[in-house]
There are 2 protein chains.
Amino acid sequence: MASLAEENYLKLIYHLSGSGAEEVSTNALAEQTQTRAASVTDMLRKLADKNLVHYKKYQGVRLTQDGQEVALQVIRRHRLWEVFMVEKLGFRWDEVHPIAEELEHIASEELINRLDAFLGFPVSDPHGDPIPTAAGAMPSAEYEKLCEVTAGQQVTMMGVLEHAASFLQFLSKAGLIPGSVVSVLEINDFDRSMILKINESAPSFVSYEVARNILIKFSV
Amino acid sequence: MASLAEENYLKLIYHLSGSGAEEVSTNALAEQTQTRAASVTDMLRKLADKNLVHYKKYQGVRLTQDGQEVALQVIRRHRLWEVFMVEKLGFRWDEVHPIAEELEHIASEELINRLDAFLGFPVSDPHGDPIPTAAGAMPSAEYEKLCEVTAGQQVTMMGVLEHAASFLQFLSKAGLIPGSVVSVLEINDFDRSMILKINESAPSFVSYEVARNILIKFSV
DNA sequence: ATAAAAATTTAGGCGAGCCTAAATTTTTAT
DNA sequence: ATAAAAATTTAGGCTCGCCTAAATTTTTAT
Ligand SMILES: [Mn+2]
Ligand SMILES: [Mn+2]
Ligand SMILES: [Mn+2]
Ligand SMILES: [Mn+2]
């Protein structure tokens with residue numbers, strides 16, 4: 001029903017709206033899609049005609065119920081394929097996103113549900129992002145950012161906010177991957193950088209910029 | 001490089017030309033692509049401009065070396081995904097073709113080579129069709145048709161020439177799948193229908209039309 | 001409150017891949 | 001050898017997603 005271009009817009013609107021909470025601007029969409037604002041306007045009119053978005057001229061855009069269902073479906077496919085590539089094909093977590101951008105448009109529901117079962121119904125992808133269920137529910141994982149942890153506390157690494165390959169590669173080198181146990185040894189007041197103990201290895205340093213993009217949960 | 005539509009034309013030209021042996025006519029392509037002859041002519045001009053086919057007006061079309069490489073690449077992807085769906089996801093052999101028609105256009109070579117390894121480098125797909133290698137070589141399997149076997153001989157089922165789901169379902173019910181051992185008990189002179197013994201089960205009847213679409217090799 | 005700046009939409013156009021209708025070329029039948 | 005039939009190409013047009021340039025609306029600054 002929704003074309004490849006339409007699916008990409010819906011997914012992007014979902015992400016930029018903060019899971020549907022706020023209106024998304026034409027310019028924000030143009031920037032992320034690498035297209036011009038005029039092209040975005042064209043597409044928003046088409047999505048509105050198909051009842052996939054609420055759109056009033058100059059007022060920004062929001063997903064309808066139908067639009068959100070399509071977006072979650074696409075996100076589900078994307079994340080399941082990422083799990084497949086990492087768990088079954090041996091890809092690294094910094095390699096899979098561009099390929100998942102293509103695979104996420106394969107429409108067969110039978111395929112994706114069988115893939116889900118084959119993978120053992122994973123609840124999150126290699127980057128710690130939650131995987132929507134077949135029914136279209138997004139598991140809400142409420143994590144903190146590493147930069148908000150105080151010195152002396154122990155936490156578990158749960159995911160990332162930034163998905164750039166270079167960032168992911170840096171984290172791998174530091175041993176900072178989902179599941180890693182992290183103790184905050186010291187916080188530098190001046191630049192908010194941290195010294196961490198990661199999984200029993202020697203202390204390592206991370207900048208505030210890095211800590212701000214790492215999701216954690218407090219160890220119980 | 002080649003668009004989805006171009007990949008589909010190249011693959012189809014490969015198949016209709018009998019693996020590149022003969023010229024393919026505009027009308028033959030129009031029939032298979034479910035488009036009009038005028039549209040095919042448009043596309044052939046574009047493929048010729050990209051040096052993917054040899055094309056002279058009114059003379060039919062043939063793949064170039066480059067075109068054949070693309071075609072074999074697409075066929076490789078199609079058949080590997082079919083193996084994946086049947087072997088790993090539990091699909092039946094009559095269900096996978098339409099989904100593979102979409103998956104075959106996912107371009108990543110890294111993905112397809114890792115999939116190949118994950119599947120154990122299969123040499124043929126669920127329908128018995130050979131899988132081109134990463135290097136682009138098509139393993140030539142020289143099989144006979146079941147309709148050419150004489151009474152009293154024992155053969156092994158190796159594949160099919162017809163891929164329609166209804167035909168495949170019929171074969172499954174009869175136990176006629178790749179690997180099955182088949183003895184020809186009787187051949188009816190009048191309509192060339194056969195009575196077969198398949199894998200030790202009770203004798204079953206197949207029409208000439210069916211036998212003509214089954215590939216076999218003689219048991220040694 | 002108003003003018004400048006920024007954001008957004010409208011207008012007109014382009015390539016890909018398809019269409020119908022009308023030529024044109026090739027093949028087949030006499 | 002020629003005329004009818006079949007196959008193919010050309011001409012002109014359509015939709016989808018995109019573009020640039022110009023208008024319009026909203027926001028920000030004074
Ligand atoms: Mn991703
Ligand atoms: Mn991810
Ligand atoms: Mn197939
Ligand atoms: Mn097949």
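A, B, ... follow the sequence lines: proteins, then strands. Residue 1 opens every chain. On a predicted model such as this, the values are computed, not experimentally measured, just so you know.
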Salt-bridge test for [X] and [Y]: reply yes if a basic N is under 4.0 Å from a carboxylate O, no otherwise.
{"X": "A:Arg114", "Y": "A:Glu110", "value": "yes"}
{"X": "A:Glu23", "Y": "A:Lys56", "value": "no"}
{"X": "B:Glu95", "Y": "B:Arg92", "value": "yes"}
{"X": "A:Arg76", "Y": "A:Asp116", "value": "yes"}
{"X": "B:Glu82", "Y": "B:Arg79", "value": "no"}

Practice problem: Identify the nucleotide, in any strand shown, that forms a Watson-Crick or G-U wobble pair with D:dT26, with both distances under 3.5 Å; if there is none, say none. | Solution: C:dA5

Practice problem: May I ask which nucleotide in the shown strands pairs with C:dG13, Watson-Crick or G-U wobble, both distances under 3.5 Å? | Solution: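 C:dG13 is paired with D:dC18.
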
For [X] and [N], what is the distance between atoms [atom1] and [atom2] respectively, to the nearest whole Å?
{"X": "B:Glu6", "N": "C:dA16", "atom1": "CD", "atom2": "P", "value": "9 Å"}
{"X": "B:Arg45", "N": "C:dG15", "atom1": "CZ", "atom2": "P", "value": "13 Å"}
{"X": "B:Asp49", "N": "C:dG17", "atom1": "CG", "atom2": "P", "value": "12 Å"}

Practice problem: Extract, from 5' to 3' on DNA chain D, the first and final nucleotides lying under 4.0 angstrom from some heavy atom of chain B. | Solution: D:dA7 to D:dT10

Quiz item: For C:dG17, does either OP1 or OP2 sit under 4.0 Å from a side-chain N or O belonging to B:Ser3?
Solution: yes

Exercise. Select from A:Ser39 and A:Gln59 the residue whose nearest nucleotide in DNA chain D is closer to the 5' end of that strand.
Key: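 Residue closer to the 5' terminus by nearest nucleotide: A:Ser39.
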
Quiz item: At under 4.0 Å between heavy atoms, what does A:Thr41 touch on the DNA or RNA strands: base, sugar-phosphate, or nothing?
Solution: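 The residue A:Thr41 makes base contact.
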
Quiz item: When all nucleic acid strands are considered with a 4.0 Å heavy-atom cut-off, which category describes A:Ala38: base, sugar-phosphate, or nothing?
Solution: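 Counting heavy atoms under 4.0 Å across all strands, the contact made by A:Ala38 includes a base.
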
